[in-house]
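When a ligand or atom number is given, it counts from 1 through the structure's own listing order.
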Amino acid sequence: MTDYPTLHLLIDGEQLSTDGRVTEEVTNPATGEVLGTLPHASAADLDHALEAAQRGFHEWRKTGADQRASILTKAAGLLRERASDIGTAITKEQGKPLAEGRGEVMYSANLLEFYAQECKRIYGRTLVRPEGTRAEVQYHPVGPVAGFAAWNFPAINVMRKIGGALAAGCSTIVKPSEETPYGGLALVQALLDAGVPGGAVQCVFGVPSDVSEHLLASPVIRKVTFTGSTAVGKHLAKLAANDLKITTMELGGHAPVMIFDDCDMDKALDVMAPGAFRNAGQVCVSPTRFLIEESVFERFRDGFVERASALKVGNGLENGTQMGPMANARGLDNVQRLIGQAKDAGGKLLAGGERIGNQGLFHQPTVLSEVPTSADIMNDEPFGPVAVLNPMAGEEAMIAEANRLPYGLAAYAWTNDNARRHRLAADVETGMLAINSAAVSTVDAPFGGVKWSGYGSEDGPEGVKACMVIKTIHEG
Ligand code: NAD
């Protein structure tokens with residue numbers, strides 16, 4: 001038995017149960033145990049949510065910025081109070097270590113608080129002309145927003161969908177992943193408890209493609225925001241285009257990590273080796289393609305393998321666990337396929353490579369080296385606990401390899417050469433570049449990609465602006 005919370009839909013401020021609804025089971029990837037039963041929203045439920053979102057939008061957009069800020073700040077406080085309970089449920093449904101589950105809730109609270117402050121700073125501008133005419137540029141909330149979030153960060157992904165929208169004055173309907181429903185549901189509940197109107201923040205579940213088709217077909221929804229794979233992102237962008245809805249797409253990546261011979265090697269290893277296996281590599285900004293200057297390749301390789309092999313893999317609820325299971329069986333199968341294919345293509349397996357046991361979805365932290373760019377793993381996002389280390393001839397070749405793929409979400413570089421930092425900032429095709437750091441996500445800076453990694457920003461002032469439209473008032 002488990003003390004995972006009871007699941008429901010949150011529509012128009014009401015908790016709607018499994019009674020009379022299609023349901024699905026939520027399981028713990030560390031044990032295979034069934035955690036709970038999740039109701040699917042019927043077509044009538046989704047219509048109800050759309051009608052409430054329209055009503056909720058008119059109510060919320062007329063709530064002053066001070067009041068909105070105060071409600072969102074209160075919700076952030078509730079999340080902090082509940083972080084331990086919500087974080088434990090996230091570990092059960094997603095697998096990550098407890099500190100990371102709780103940390104996700106704290107980050108979500110910090111992001112919401114940032115947005116709460118930011119909504120007081122939605123300024124327009126006035127153009128005063130000598131001949132007496134004026135123009136006023138105003139920012140208005142775009143309207144009801146539909147958000148679809150992935151399972152790898154059950155809380156943060158959902159907060160990124162709804163926090164900026166609520167700050168802007170939009171109403172929101174969010175669909176967290178059915179595989180990890182509680183993290184998002186708990187955020188929405190905290191917002192309702194803090195005083196956001198029931199029509200302004202709602203949470204639904206169902207068959208993902210059915211829910212998105214239903215919501216995106218409605219003229220009520222004016223913006224669509226999605227976190228997940230590039231394939232699904234392209235599909236949703238096409239659906240949104242039918243009605244010219246605004247979109248934000250936070251899609252996959254395959255981040256290059258450029259290790260130069262002038263860097264602080266021990267620091268680079270201490271930061272990037274655990275970083276590659278955080279959340280079992282199921283992170284859109286996961287460092288995956290290590291491009292290492294030939295002169296330091298062996299030193300970096302040996303230090304990396306030593307650190308990867310020492311990581312403690314286990315149930316995220318257990319003390320000392322550094323890496324939990326993978327979140328779902330299709331991810332595990334995909335990683336196994338990529339590793340096998342990389343070896344067939346001539347890559348060397350330096351650590352790991354195998355599933356651990358047959359109960360729970362555990363996989364060894366895996367290191368491959370000298371993998372040809374023709375191998376699938378050099379082209380497809382692994383989204384699992386596997387890193388590839390390849391020796392490179394120098395800066396020019398490293399930048400060319402970094403830019404070779406259609407992805408451009410995050411990139412990392414370790415160097416103490418200032419001129420090189422500027423060249424990398426100019427030439428690497430990426431939404432975010434971390435230099436001598438693994439941190440690419442902070443509440444006050446925009447988070448988002450280029451090319452097939454998507455477009456539009458979340459976090460930072462840009463996350464609020466992304467949910468607004470511009471209106472210009474001309475006065476004669
Ligand atoms: P996916 O794109 O199929 O699913 C991601 C999320 O989108 C899930 O929560 C799913 O319920 C939802 N979804 C799927 N189809 C949808 C639809 N038609 N309408 C609305 N929502 C929909 O990806 P996956 O199979 O879970 O993972 C495979 C790949 O996706 C990974 O290898 C990785 O490349 C990518 N991914 C990226 C992120 C990210 O943070 N950008 C997160 C998860 C997965």
Side-chain angles (χ1 to χ4, degrees), residues 24 26 29 38 40-41 46 93-96 104 146-161 173-185 203-217 221 224-240 245 247-255 278-286 288 326-338 361 376-377 379-386 405-410 431-432 440-441 447-456 458-459:
E24 74 177 279
V26 178
L38 181 71
H40 281 197
L46 294 176
E93 65 187 12
Q94 201 271 345
K96 63 183 60 179
E104 251 202 74
F148 303 91
W151 43 265
N152 55 339
F153 288 90
I156 291 176
N157 284 343
V158 168
M159 184 55 78
R160 285 189 164 139
K161 304 293 126 200
I173 302 175
V174 68
K175 191 196 78 56
S177 168
E178 286 69 23
E179 293 171 305
T180 58
Y182 186 68
L185 194 59
C203 187
V204 299
F205 299 100
V207 174
S209 55
D210 292 352
V211 176
S212 57
E213 271 170 39
H214 195 106
L215 296 182
L216 269 62
I221 298 299
V224 181
T225 170
F226 172 71
T227 298
S229 64
T230 297
V232 173
K234 287 180 180 179
H235 168 68
L236 293 181
K238 284 178 195 154
L239 287 184
K245 300 183 200 298
T247 50
T248 292
M249 290 289 159
E250 207 277 87
L251 309 176
H254 201 339
R278 181 170 72 104
N279 200 12
Q282 302 160 119
V283 184
C284 52
V285 295
S286 214
T288 38
M326 294 194 65
N328 51 55
R330 65 184 180 286
L332 186 76
D333 292 345
N334 188 45
V335 159
Q336 282 280 280
R337 179 187 69 79
L338 289 173
L361 304 174
D376 287 351
I377 200 164
N379 299 282
D380 303 340
E381 183 179 24
F383 226 67
V386 48
L405 295 190
Y407 297 107
L409 188 56
M432 293 155 304
V440 290
S441 174
F447 184 93
V450 298
K451 305 200 292 187
W452 279 15
S453 295
Y455 46 76
E458 300 178 317
D459 301 11

With rounding to the nearest 0.5 angstrom, report the [atom1] to [atom2] distance, [X] to [Y].
X	Y	atom1	atom2	answer
Cys284	Tyr407	SG	OH	12.0 Å
Cys203	Tyr182	SG	OH	11.0 Å
Thr230	His254	OG1	NE2	11.5 Å

Need the ligand 1 atom indices (1-based, order shown) with element for anything under 4.0 Å from a heavy-atom of [X].
X	value
Cys284	39 (C), 40 (O), 41 (N)
Glu250	41 (N)
Ser177	9 (O)
Ser209	17 (C), 18 (N)
Glu178	11 (O)
Ser229	1 (P), 2 (O), 23 (O), 29 (C), 30 (O), 35 (C), 36 (N)
Arg330	24 (P), 25 (O), 26 (O)
Lys175	11 (O)

Query raised in the report: Any non-hydrogen atom of Glu179 lying under 4.0 Å from ligand 1?
Result: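 Judged by the 4.0 Å heavy-atom criterion, Glu179 does not count as contacting ligand 1.
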
Of the backbone atoms (N, CA, C, O) and the side-chain heavy atoms from C-beta on, which set of [X] has a member under 4.0 Å from an atom of ligand 1: side chain, backbone, both, or neither?
X	answer
Ser212	side chain
Phe226	side chain
Pro176	neither
Gln282	neither

How far is [atom] from its nearest protein heavy atom, and which residue and atom name does that atom have?
atom	value
atom 26 (O) of ligand 1	Trp151 NE1, 2.5 Å
atom 34 (O) of ligand 1	Glu381 OE1, 2.2 Å
atom 43 (C) of ligand 1	Ala150 CB, 3.4 Å
atom 38 (C) of ligand 1	Phe383 CZ, 3.5 Å

Query raised in the report: Without hydrogens or angle criteria, can the side chains of Lys161 and Thr227 be said to hold a donor-acceptor pair below 3.5 Å?
Result: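 A donor-acceptor contact under 3.5 Å links the two side chains.
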
Query raised in the report: Under 3.5 Å, is there a donor-acceptor pair between the Asn152 and Asn157 side chains?
Result: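 Their side chains do contain a donor-acceptor pair, which is all the 3.5 Å distance test asks for.
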
Among [options], which residue places a heavy atom closest to [atom]?
atom	options	answer
atom 9 (O) of ligand 1	Ala146, Gly228, Gly206, Ala149	Ala149
atom 11 (O) of ligand 1	Pro208, Gly281, Gly449	Pro208
atom 41 (N) of ligand 1	Val285, Leu251, Asn152	Leu251
atom 16 (C) of ligand 1	Thr227, Val232, Val211	Val232

Quick check against the 3.5 Å criterion: does [X] have a side-chain atom that pairs as donor or acceptor with the backbone of [Y]?
X	Y	answer
Glu178	Gly206	yes
Ser212	Pro208	yes
Ser453	Gly252	yes

Please find the pair of heavy atoms, one from [X] and one from [Y], that lie closest to each other, and give the distance.
X	Y	value
Leu361	Leu332	O-CD1, 4.0 Å
Pro382	Thr288	CG-CG2, 3.7 Å
Leu236	Met249	CB-CE, 4.0 Å
Val26	Pro181	CG2-CG, 3.7 Å
Leu215	Ala146	CD1-CB, 4.4 Å

Query raised in the report: Can Trp151 and Phe383 be said to form a ring pair (Phe, Tyr, Trp, His ring centres under 6.0 Å), step by step?
Result: CA-CA 12 Å; Trp151 43 265; Phe383 226 67; 5.6 Å; yes

Requested in this report: Using protein heavy atoms only, decide if any is under 4.0 Å from atom 31 (C) of ligand 1.
Outcome: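 Yes, because at least one protein heavy atom sits under 4.0 Å from atom 31 (C) of ligand 1.
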
Query raised in the report: For atom 4 (O) of ligand 1, is the nearest protein heavy atom closer than 4.0 Å?
Result: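 Given the 4.0 Å limit, the answer for atom 4 (O) of ligand 1 is no, no protein heavy atom qualifies.
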
